[in-house]
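Worksheet: one structure, shown below.
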Amino acid sequence: MANYRIDCVTKPDRYSTHERITAVGGPRPDGSGRWNDNADNVIRFIESNQHQFYTSEGGATARVGVRVSAAGHKFLQTHADGLWRDNLLSLPECA
């Protein structure tokens, strides 16, 4: 199992509260460049315990987990200190 840092996100409408993040990316764990994947694949990796994902910004680290919306849609969200937060939305857009 590898630990992947997320440092950018892709969201069709950055300011919409009804659209979810569609892709994420970050530096490869071995330092050999960058990775980028769609949110559905990352959700599968997390749920199957194949990989772990986290953010690390401003000296604070938070793991990324899977949540389910009221409508039953899965989405990514950070979890730290026992609280779910929307830290991913503060990350820049992936290039």
Side-chain angles (χ1 to χ4, degrees):
M1 178 186 316
N3 289 314
Y4 287 87
R5 178 178 172 210
I6 295 174
D7 68 1
C8 68
V9 300
T10 302
K11 186 175 174 185
D13 180 349
R14 187 107 180 141
Y15 303 103
S16 171
T17 58
H18 302 290
E19 291 185 45
R20 69 183 186 120
I21 292 169
T22 57
V24 294
R28 290 186 185 178
D30 64 5
S32 66
R34 295 189 56 79
W35 65 274
N36 191 3
D37 208 342
N38 68 58
D40 290 332
N41 283 340
V42 171
I43 288 168
R44 279 193 291 278
F45 290 142
I46 293 169
E47 290 182 327
S48 67
N49 294 316
Q50 198 169 358
H51 299 300
Q52 293 180 339
F53 296 84
Y54 69 97
T55 61
S56 183
E57 302 297 321
T61 300
R63 78 173 179 85
V64 175
V66 177
R67 304 279 315 267
V68 179
S69 72
H73 302 289
K74 293 180 181 181
F75 63 98
L76 299 169
Q77 194 170 32
T78 55
H79 188 265
D81 300 325
L83 300 172
W84 290 99
R85 304 203 185 260
D86 292 329
N87 297 355
L88 291 172
L89 296 177
S90 68
L91 297 176
E93 284 286 320
C94 293

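Sequence positions, counted from 1, serve as the residue numbers for this chain. Since the structure is predicted, the reported quantities are computational estimates derived from the model, not experimental observations.
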Do any side-chain atoms of residues 22-30 form donor-acceptor pairs under 3.5 angstrom with protein atoms, and if so which ones, sequence neighbours left out?
unit_1, atom_1, unit_2, atom_2, d
T22, OG1, T10, O, 3.2
R28, NE, R34, O, 3.1
R28, NH2, R34, O, 3.4
D30, OD1, S32, N, 2.9
D30, OD1, S32, OG, 2.6
D30, OD2, S32, OG, 3.3

Partners of D40 by side-chain hydrogen bond (donor to acceptor under 3.5 Å, both in side chains), sequence neighbours excluded? R20
Holding to side-chain hydrogen bond (donor to acceptor under 3.5 Å, both in side chains), I want the full list of residues that pass it with E57, two or more places apart in sequence or in another chain. R5
Mind listing the closest non-hydrogen atom pair of [X] and [Y] along with its distance?
X: S56; Y: T61; value: OG-OG1, 3.4 Å
X: S48; Y: F45; value: OG-O, 3.4 Å
X: P92; Y: D7; value: CD-O, 3.4 Å

Once ring-ring contact (aromatic ring centres under 6.0 Å, His included) is applied, what residue pairs with a partner in residues 57-81 remain, sequence neighbours excluded?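 For residues 57-81, and leaving out neighbouring residues, the ring-ring contact (aromatic ring centres under 6.0 Å, His included) pairs sorted by first residue read H79-W84.
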Positive for side chain to side chain contact (heavy atoms under 4.5 Å, CB included) with V64, one of V42, I43, I6: I6
Salt bridge (Lys or Arg N to Asp or Glu O under 4.0 Å) partners of residues 58-77, not counting sequence neighbours, each pair once: E47-K74
Which residue pairs pass the salt bridge (Lys or Arg N to Asp or Glu O under 4.0 Å) test with at least one member in residues 82-95, sequence neighbours excluded? R14-E93
Gap separating the CG atom of L88 from the NZ atom of K11, nearest 0.5 angstrom: 10.5 Å
Do you reckon I21 sits in the same ILVMFWY cluster as Y54, going by side-chain contacts under 4.5 Å, direct or chained? no
